[in-house]
Q: 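This is the structure, below, for whatever I ask next.
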Amino acid sequence: MFNLEEELRKLPEKPGVYLMHDKTDEIIYVGKAISLKNRVRQYFQKSRRVTPKIQRMIDRIAWFEYIVTDSELEALVLECNLIKEHSPRYNTMLKDSKAYPFLKATVQEAFPRFFVAHEMKRDGSRYFGPFISSRAIRDTIELANRLFGLRNCHKSLPKDIGKERPCLYHQIGQCPAPCQGAVSQEEYRANFDKALKFLQGDTKGIIGELTEKMNRAAERMQFEKAASYRDLIESVRQVTEKQKITSDDNEDRDIVAMARGGDEAVVQVFFIRGGKMLGRDYFYLTGVEEEENSAVISAFIKQMYAGTPYIPKEIWTEEEVDDADAIFAWLSEKRGRKVYSRIPKRGQKERMLELAKQNAYLVLTKDAEKLKEERARTIGAVEEIQSLLGLTGLSRIESYDISNINGFETVGSMVVFEDGKAKKNDYRKFRIRSVTGPDDYAAMEELLTRRFEHSRREGLSEMDSFRHLPDIIFMDGGKGQVHVAEKVLLKLNITIPVCGMVKDDRHRTRGLLFRDEEIPIDTHGRGFHLITRIQDETHRFAIEYHKQIRSRTQVHSILDDIPTIGETRRKALMRHFSSLDDIRSATVEQLLSIPEMNARSASEVVNFFQKQEKGKS
């Protein structure tokens with residue numbers, strides 16, 4: 001169990017990102033902190049006053065986790081990546097497509113330039129960042145251009161040499177006018193290379209020079225000039241600060257690092273997708289005391305990637321793993337393309353690996369008991385179910401449910417658990433098309449037929465949830481639902497065991513139905529608790545989707561009756577508010593926070609619902 005007070009005491013006084021989870025393990029908030037210890041503890045201080053929204057979020061927190069970084073900048077960039085990946089419901093201000101700027105160096109040009117870019121492209125240029133401040137980048141570009149004699153125009157050189165008069169920057173001595181042929185391409189390139197070294201962190205000489213000028217200006221009581229030098233120094237430090245959370249190669253990789261103590265070890269995996277760190281996971285290992293690091297990592301990689309559907313292009317480790325040739329040949333065959341083993345030794349790559357190792361040590365030293373409990377709750381529970389059913393090799397569990405009200409807007413849900421943990425990215429929703437009226441069996445037959453026929457389509461990507469067949473199916477019901485599933489599988493010539501989750505008269509799970517035999521289950525065991533979690537999650541997911549469909553239908557029809565609310569504003573209201581009740585109770589100020597709304601349309605919405613209330617009374 002998650003002990004809040006104990007976990008708060010374990011928080012490190014380091015920068016990083018924290019992730020708040022609710023009781024269903026959904027990530028409901030992602031935040032960054034200069035000090036994780038100070039920031040996270042604030043949420044649980046009863047004396048602290050917070051907004052109603054934050055209080056609602058705090059009330060839903062069941063547990064939290066965190067990722068340590070080396071700087072606030074790294075924490076900020078990682079926070080941005082994780083919010084875009086998980087879309088937590090309480091990160092309202094960060095749900096836009098905010099992107100952090102990069103400094104772009106057009107190294108492929110004959111007379112290269114620096115400028116600000118808002119995304120990385122495969123265009124031959126070199127990118128630095130991303131960074132917090134566009135202003136800091138512009139200040140540093142201006143400084144680099146002035147110090148090293150570089151252009152900032154958009155002329156195509158050498159094609160446009162001599163076509164126009166030199167610009168103002170040349171006249172004030174800040175550009176050597178390559179547009180006039182006043183500097184050779186070789187000389188210009190040499191200066192540009194010096195500027196690149198400057199941006200890579202070779203700033204000691206420049207900072208020393210600026211500091212000297214700042215002090216000299218201060219001695220002469222030229223405080224405004226001294227302040228400008230001070231600001232430039234700070235800009236240089238910001239822009240050249242090393243960060244490792246985003247790389248410029250856009251590759252997919254897993255970074256694997258280990259910490260060990262006695263007979264136990266923790267392996268931390270950072271998941272890098274498209275060059276951005278989008279998440280992490282850690283794994284608890286036992287029986288490692290007499291094993292070499294290379295053997296432990298080798299065993300971990302074989303077990304990890306035997307059960308995961310997606311294998312990245314690269315796997316980074318601290319050292320060579322045992323049987324590396326055979327393992328990576330197997331992974332390449334499994335992926336369908338070459339998988340590369342990397343052992344970073346220097347620079348940004350080594351620092352990223354070290355960050356993963358640092359997080360592994362934190363988990364090992366502070367969360368060992370919690371990890372044992374987590375393993376028992378997840379993998380241990382799956383092993384208990386395996387033993388109960390007389391099966392082996394269970395990892396991926398899929399469960400399905402149908403939801404409707406008297407046959408209205410029938411929908412279905414598919415939830416996925418792997419190794420005892422909910423895999424929310426693989427959840428799927430279904431709107432039932434062929435069934436009218438309250439016929440759950442027919443609706444389930446349609447759902448399962450669509451799900452398993454989809455798995456046979458050609459060209460499915462590794463990320464498609466339907467591509468991967470479950471090791472076992474759990475049906476939320478008795479013999480009827482189990483037989484529907486078995487009928488569909490038989491028709492499609494697919495062999496997967498099907499198990500029913502049987503409830504008693506009080507709607508509580510009492511056992512499992514397997515091969516037409518009801519198997520009693522220990523209601524105090526780990527396996528039973530996992531089954532009830534799966535059952536509750538399947539039901540919840542179906543109910544929420546049905547509510548969402550009903551709400552959209554209801555909201556759509558009512559909002560159409562409000563003057564000045566057309567399609568664009570109606571969609572904006574439905575995106576911003578979770579239900580019709582929220583729109584009905586919204587104030588003019590809350591409505592005006594939506595970009596598509598203006599004063600008149602906001603007033604029309606408020607007046608419309610006020611008239612409705614008066615009509616009821």
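Predicted, not measured: the structure shown is a model, and the values here were computed from it. Start at 1 with the first residue, then count along the sequence.
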Q: Do Glu65 and Arg280 have side chains that approach each other closer than 4.5 Å (heavy atoms only, starting at C-beta)?
A: yes
Q: Hey, what do you get for CG (Asn191) to CG (Asn145), rounding to the nearest 0.5 Å?
A: 11.0 Å
Q: Just checking, is any N or O donor in the side chain of Asp22 or Trp63 under 3.5 Å from an acceptor N or O on the other one?
A: no
Q: Before giving the answer on side chain to side chain contact (heavy atoms under 4.5 Å, CB included), spell out for Ser593 and His576 the whole-Å C-alpha distance, their side-chain angles and the decisive distance to 0.1 Å.
A: CA-CA 10 Å; Ser593 67; His576 188 81; 3.8 Å; yes
Q: What I'd like to find out is whether the side chain of Lys313 reaches to under 4.5 Å of the side chain of Arg335, using heavy atoms alone.
A: yes
Q: Testing the basics here: between Ala110 and Leu157, what is the closest heavy-atom pair and its distance to 0.1 Å?
A: CB-O, 3.9 Å
Q: If you compare all heavy atoms of Val107 against all heavy atoms of Arg189, which two are closest, and at what distance to 0.1 Å?
A: O-NH2, 3.1 Å
Q: Give a yes or no on whether Lys194 atom NZ has more than 12 heavy-atom contacts from other residues, nucleotides or ligands under 6.0 Å away.
A: no
Q: If I compare all heavy atoms of Ile311 with all of Tyr305, which pair ends up nearest, and what's the gap?
A: CG1-CD2, 4.2 Å
Q: Hey, what do you get for OG1 (Thr317) to CZ (Arg342), rounding to the nearest 0.5 Å?
A: 11.0 Å
Q: Any chance the rings of Tyr340 and Phe328 have centres within less than 6.0 Å?
A: no
Q: So that I can tick it off, tell me whether Lys104 and Asp123 are bridged by a salt bridge, with the cut-off set at under 4.0 angstrom between side-chain N and carboxylate O.
A: yes
Q: Going through the distances and angles, do Tyr169 and Arg151 end up as a side chain to side chain contact (heavy atoms under 4.5 Å, CB included)?
A: CA-CA 8 Å; Tyr169 285 99; Arg151 69 189 182 105; over 6 Å; no
Q: Can you tell me if Glu26 and His21 form a side-chain donor-acceptor pair at under 3.5 Å?
A: no
Q: Considering only heavy atoms from C-beta outward, does the side chain of Asn293 approach that of Val296 to under 4.5 Å?
A: no
Q: Contact between Tyr90 and Ile61 at the side-chain level, heavy atoms closer than 4.5 Å - yes or no?
A: no
Q: Are a donor atom and an acceptor atom from the side chains of Ser125 and Gln108 found within less than 3.5 Å of each other?
A: yes
Q: Okay, side chain of Ser228, backbone of Lys225: is any donor-acceptor separation there less than 3.5 Å?
A: yes
Q: Should we say atom CG of Asp59 is surrounded by more than 12 heavy atoms from elsewhere, each under 6.0 Å from it?
A: yes
Q: Hey, what do you get for CG (Leu36) to CD1 (Ile67), rounding to the nearest 0.5 Å?
A: 10.0 Å
Q: Please name the pair of heavy atoms, one in Ala177 and one in His170, separated by the smallest distance, quoted to 0.1 Å.
A: CB-ND1, 3.4 Å
Q: Give a yes or no on whether a salt bridge exists between Glu109 and Arg113, defined as a side-chain N under 4.0 angstrom from a carboxylate O.
A: yes
Q: Just verifying a value: how many Å separate Glu354 CD and Asn359 CG, rounded to the nearest 0.5 Å?
A: 10.5 Å
Q: In terms of heavy-atom contacts, does NZ of Lys155 have more than 12 from other residues, nucleotides or ligands at under 6.0 Å?
A: yes
Q: Does Ile161 reach the side chain of Pro178, with side-chain heavy atoms less than 4.5 Å apart?
A: no
Q: Looking only at heavy atoms, what is the nearest atom pair of Ala360 and Ala259, with distance?
A: C-CB, 3.7 Å
Q: Taking the side chain as everything from C-beta on, heavy atoms only, tell me whether Asp252 gets closer than 4.5 Å to Ile272.
A: no
Q: Quick check: do Tyr188 and Asp193 have side-chain heavy atoms less than 4.5 Å from each other?
A: no
Q: Taking NZ, NE, NH1 and NH2 as the nitrogens, is one of them in Lys163 or Asp160 under 4.0 Å from a carboxylate oxygen of the other?
A: yes
Q: Please check if the distance between the ring centroids of Phe270 and Tyr282 is under 6.0 Å.
A: no
Q: Once you round to the nearest 0.5 Å, how far does OG of Ser294 lie from CE of Met258?
A: 8.5 Å
Q: Which heavy atom of Ala226 sits nearest a heavy atom of Ala218, and at what distance?
A: CB-N, 4.0 Å
Q: If you count the non-hydrogen atoms of other residues, nucleotides and ligands that lie under 6.0 Å from CD1 in Ile54, is the total more than 12?
A: yes
Q: Does Phe271 have more than 12 heavy atoms from other residues, nucleotides or ligands lying within 6.0 Å of its CZ?
A: yes
Q: Any donor-acceptor pair under 3.5 Å linking the side-chain atoms of Asn38 with those of Gln42?
A: no
Q: Salt bridge (charged side-chain N to carboxylate O under 4.0 Å, His left out), that's the test. Do Glu212 and Arg216 meet it? Break it down for me.
A: CA-CA 6 Å; Glu212 184 180 340; Arg216 193 181 307 132; 2.8 Å; yes
Q: Check the surroundings of atom CD in Gln222: do more than 12 heavy atoms from other residues, nucleotides or ligands lie under 6.0 Å from it?
A: yes
Q: Ignoring hydrogens and angles, state whether a donor on the side chain of Asn598 or Ser601 is under 3.5 Å from an acceptor on the partner side chain.
A: yes
Q: Can you tell me how far apart OG1 (Thr587) and CG (Leu592) are? Round to the nearest 0.5 Å.
A: 8.5 Å
Q: Quick one, Leu82 with Leu19, criterion side chain to side chain contact (heavy atoms under 4.5 Å, CB included). Give me CA distance, side-chain angles, the key distance, then yes/no.
A: CA-CA 9 Å; Leu82 292 175; Leu19 301 90; 4.3 Å; yes
Q: Taking 4.0 angstrom as the limit, do Glu6 and Arg9 come out as a salt bridge?
A: no
Q: Which class fits the ring pair Phe64 and Tyr66: parallel under 30°, tilted 30 to 60°, perpendicular over 60°?
A: tilted
Q: What I want to find out is whether Arg260 reaches Glu264 closely enough, with some N-O distance under 4.0 Å, to be called a salt bridge.
A: no
Q: Can you tell me if Gln180 uses its side chain to pair, donor with acceptor, with the backbone of Glu164 under 3.5 Å?
A: yes
Q: Between Glu320 and Ile343, is the side chain to side chain contact (heavy atoms under 4.5 Å, CB included) condition met? List the steps.
A: CA-CA 7 Å; Glu320 190 74 38; Ile343 307 173; 3.6 Å; yes
Q: Applying ring-ring contact (aromatic ring centres under 6.0 Å, His included), run through Phe192 and Phe148 and close with a yes or a no.
A: CA-CA 7 Å; Phe192 182 79; Phe148 300 102; 9.6 Å; no
Q: Using a strict cut-off of less than 4.0 Å between a Lys/Arg side-chain nitrogen and an Asp/Glu carboxylate oxygen, indicate whether Glu350 and Lys345 qualify as a salt bridge.
A: no
Q: Heavy-atom distance under 4.5 Å between the side chains of Asn152 and Phe115, does that happen here?
A: no
Q: Decide, yes or no, whether a salt bridge links Glu314 with Arg253 under the criterion of side-chain N to carboxylate O below 4.0 Å.
A: yes
